[in-house]
Amino acid sequence: MPEPIRTQLVVLGAGPGGYSAAFRAADLGLTVTLVEREPRLGGVCLNVGCIPSKALLHVAKVIDEAAHTPGLGFGKPKIELDAVRGQKDKVVKRLTDGLGVLARQRKVQVVHGAARFTTATTLQVDGKDGPLEVQFEHAVVATGSTPVRIAGLPDDPRVMDSTGALALADIPGKLLVIGGGYIGLEMATVYRALGSAVSVVEFMDTLLPGADADLVKPLAKKLAGEFADIRLKTKVTGIEAKKDGLHVSFEGPDGKDVKTYDRALVAVGRRPNGKDLGLEALGVTVTDRGFIEVDAQRRTAVPSIFAIGDVAGEPMLAHKAAHEGKVAAEVIAGHKAAFAPLAIPAVVFTDPEIAWAGLTEQQAKKDGIAFEKAVFPWAANGRSLTLGRDEGLTKILFDETSRRVLGVGIVGPGAGDLIAEGVLAIEMGADAQDLALTIHAHPTLSETVGMAAEVFDGSVTDIIAPKR
Amino acid sequence: MEQNLIVPGLAENVHEADVAEVSIKPGDTIAEGDIVLTLETDKAAMELPAEFGGKVVAVKIKAGQKVKEGDLIAVLETTAGGESPQAQTAPPAPAAATEPAPAAAPAPAAPADDATALQPVTCPDLGDGKAADVIELAVKPGDRVAEGDALLTVETEKAATELPAPFAGTVRELKVKVGDKLKTGDLVALIETASNAPQAPAAEQPAPRAEPAKAAPAAAPPPAPAPQPGAGAAPASGQMPHATPSVRRFARELGVDLAHVSGSGRKGRITQEDVQAYVKAALQGGATAGGGGLAPLPVIDFAQWGEVETVALSRIRQLTGENLGRSWPQLPQVTQHDEADITDLEAFRKAQAGAAEARGAKLTVVALLLKACASALKAFPDFNASLAPDGKALIVKRYVHIGVAVDTPAGLVVPVIREVDRKGILDLATELGDLSARARERKLKPEELQGGSFTISSLGGIGGTAFTPIVNWPQVAILGVSRAAMKPVWDGAAFAPRLMLPLSLSYDHRVIDGAAAARFSRHLAGLLEDLRTLLL
């Protein structure tokens, strides 16, 4: 074995959580080693997740807007798949290469290979040049998550996970998306725009089971007109890979049937990568699902080892991981930091987009939290109508007594960007008047946030305020 | 039902003890009198027996920690209430339905949930050891009390007394009602203290007990409202302290719980300045509370009652004041009074005065006292010592340097005569005369004021029958001498006129016991009564 690496901090995983932890720690004066299993930095998010999917969703948006803008006739789009794929890969390469530059500038040593803890202060990295020992004072585990596989499905290239779907091998005539969560619906949107006849099957009784029903409704209505089929409360009992296609067996409320598809995307969730790192033997608590248990400082049961991001618990979102990474780095550098956000925004990049932050109605009812709700429909928003859209809505949940914002939910084009104001309002402890008295630019979609607050405040003029 | 096993009064003057060993664990069944804890105090190790028997539900104390009277040791499930091991095996619903609500003591279901935040308040020693009647309750569950606030009033045969809250917090449960009889050690109330509200300790609690406790709704009192944010389960963000992320981070860095900070911003928002002001106030409050817990002396304007003049104190007096002010409250001091018959000594002194004067020395009683003290200090080396800073050792001095307090116009000065045990009486008399003279002329060198291992303060030249000198720390004893007086002393056959010298020996009781002080005083008196013994 070569000479061991001695470092103050080793970070496992170079995704948004891992690189944030590594770079922040380096900026705070620690010597940092960043271990990445894949050849490229950036993790799932940059390589096979958030970024490439958004590159493709942009293509879908342009196709849809060109097709649905009244008075414009572009004809059927001519899709050059290699060029679409190339553009997506270019974006990914630009971002991941940028990470390499940022690492070099901070003198963060990057090591490629799979890591496994040997003691609470050493780990072994198995790279292409053989094993290497890293001796560390602290470690941050940011190993992320992996798509869940359904046992018993055939090992066939036509049965894809999200990574396979993003590879964009071809445009299947008929695509089955198994799982009506955000990953399945985003990829379904891409393939539908590119020309596939898309069917979605979901085990639960609704699409996007975690989101409030009033936000899902406009999306579900639009998708019902675009997808070939949406089957709820239905499970896939088997897939037979045959020459003429994938023969998929379903079991639903109307009984059993079999249908044939050219490809299938399995998007039934992600599993945290907390196991097989040798952590349990050191005393770190890893749950059955694979989550690593951490405290507010993101410290595990072993004081020298921290965990952040998907592997450290729900929600499995890149922006949560990045903030956790900074907290862990600051704690390791001796600062009194803690991960204590009041709201973590969630965004589904379908069309319309759905976004929420803080308290949801679903959660409030479950936990018995009292709240009052104000809704502003986008049909009364000028900017929305100019986009040719009127199905959106912005809702805000307020505390009954303090009138402070508890939660914000938005559905409509650009909801993912609009949610930022809601997150800030929650973190700042803003109340209904704070939002209503803040002047929002006209004509923009952001006006719907201010006007939802005016609805609660009773000062709205753009609609007839519902009686409270 | 469950009962709290509490640390009883430990011993006189013992407020705290180290837990050396915990002899019980959850699940044990113990009988009254079984040993629960082994405690170590500065005086002795002692075993603590259980005041009542039962099954140990939870142990709240670990070896190595300190306990004081009233601390919760363990929660025992006693069979007194009739319902032996409940809910754990029995289905909760029928148990709740059939269990009669115990009339005597409400089942303490709440403390099992989060007893670490709850501190028991027990009845203090009421004086005569008899029971007292509760005649009035001053608080009810949910009330916030400050340390010292009256919780209730009890009436003994002698008087009505208010029981003060020993610490601040929220009253969660009152364990007594009007008409109850209270005796020392009885549990009076459970107070939730603010300081140890959330976080870790809960995790250390034995888990199995939590569920069954909750499953006895018939017996459990209605949960008291817990209004403080941060105390209960995660509140909705609408009830969180109103502070922006940057202020929350600032508070976290300083370790400030924002639930205790009041906001000065719009709509009560907590600003960074509010957190700073809170910390500043806490620091100042802490400083006043420190320094031995003494309240600062108030500033008084005497001019309101008449004309006054402010005269600057000499540096000597200021320093003396500082030293004595430090020594007096920190040293447990006792003064031993005795008398020495110096009739013979005085006759000898007068007979030798002329001869001494011929050699340039003034033979004084103090000079003779110096020699006698040196001899006594040799016989009792503990009086010629200092206590080690950690209080765990005695530093015994092999030298005998005695300070003699001298009254000067500028204030009290204590020059030190070195190697008293190796010098002759006339030499001592000469040196004492020289030092006293130079002390009055303020011509002493600093080193002549240092290094004393014992002090003599003689007021004999002025008068008085006795006084209590203050130990000149770091020394451990000081001899005060008052004016000798002719007294009738019974010699076994008749009263004889004898010249008696009053001796007042103050000593640091941490180092010297009363018997040793009496022996030292007697020994010294014996030396003075018959100077020939100095030769032995």
Side-chain angles (χ1 to χ4, degrees), chain A residues 285 293 295-297 299 301 323 326-327 330-331 333-344 357-361 363-373 396-408 422-435 437-438 456, chain B residues 196-205 207 214 222-223 225-276 278-279 282-283:
Chain A
T285 313
E293 287 191 0
D295 62 14
Q297 278 66 44
R299 197 190 291 269
H323 274 259
K326 288 184 178 176
V327 167
E330 287 164 7
V331 170
H335 297 223
K336 284 185 184 173
F339 185 69
L342 298 183
I344 301 171
L359 190 68
T360 61
E361 285 189 66
Q363 192 66 35
K365 276 163 194 159
K366 194 175 135 215
D367 295 349
I369 298 170
F371 66 91
E372 286 193 46
K373 175 167 88 163
I396 308 181
L397 308 186
F398 294 98
D399 184 76
E400 283 177 320
T401 47
S402 71
R403 299 167 68 85
R404 270 144 67 181
V405 179
L406 299 179
V408 178
V423 183
L424 185 64
I426 294 168
E427 289 288 358
M428 297 294 284
D431 65 17
Q433 287 197 345
D434 293 330
L435 285 180
L437 293 172
T438 298
F456 183 77
Chain B
N196 50 3
Q199 292 171 351
E204 292 173 13
Q205 289 200 42
K214 281 177 188 156
Q228 320 96 303
S237 54
Q239 269 85 46
M240 299 273 287
H242 193 7
T244 61
S246 62
V247 173
R248 299 206 297 274
R249 164 185 279 196
F250 182 67
R252 189 183 302 125
E253 283 167 353
L254 296 179
V256 171
D257 181 354
L258 285 174
H260 302 309
V261 181
S262 51
S264 67
R266 195 168 159 235
K267 296 169 187 169
R269 178 178 284 174
I270 300 167
T271 64
Q272 181 158 331
E273 288 72 28
D274 293 333
V275 177
Q276 284 165 332
Y278 177 86
V279 170
L283 288 175

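Below, read A as the first sequence line, B as the second, and so on, with proteins coming before strands; counting in each chain starts at 1.
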Rounded distance (nearest 0.5 Å) linking atom NE2 of B:His242 with atom CZ of A:Arg404: 5.0 Å

Partners meeting salt bridge (Lys or Arg N to Asp or Glu O under 4.0 Å) with B:Arg252 (sequence neighbours left out): none

Can you tell which part of A:Gln363 gets under 4.5 Å to a heavy atom of chain B, answering side chain, backbone, both or neither? neither

Say you draw a straight line from CG of A:Asp431 to CZ of B:Arg269; how long is it, rounded to the nearest 0.5 Å? 8.5 Å

So, the part of A:Ala337 with a heavy atom under 4.5 Å from chain B: the answer is backbone

Over 12 foreign heavy atoms within 6.0 Å of CZ, B:Arg249: no

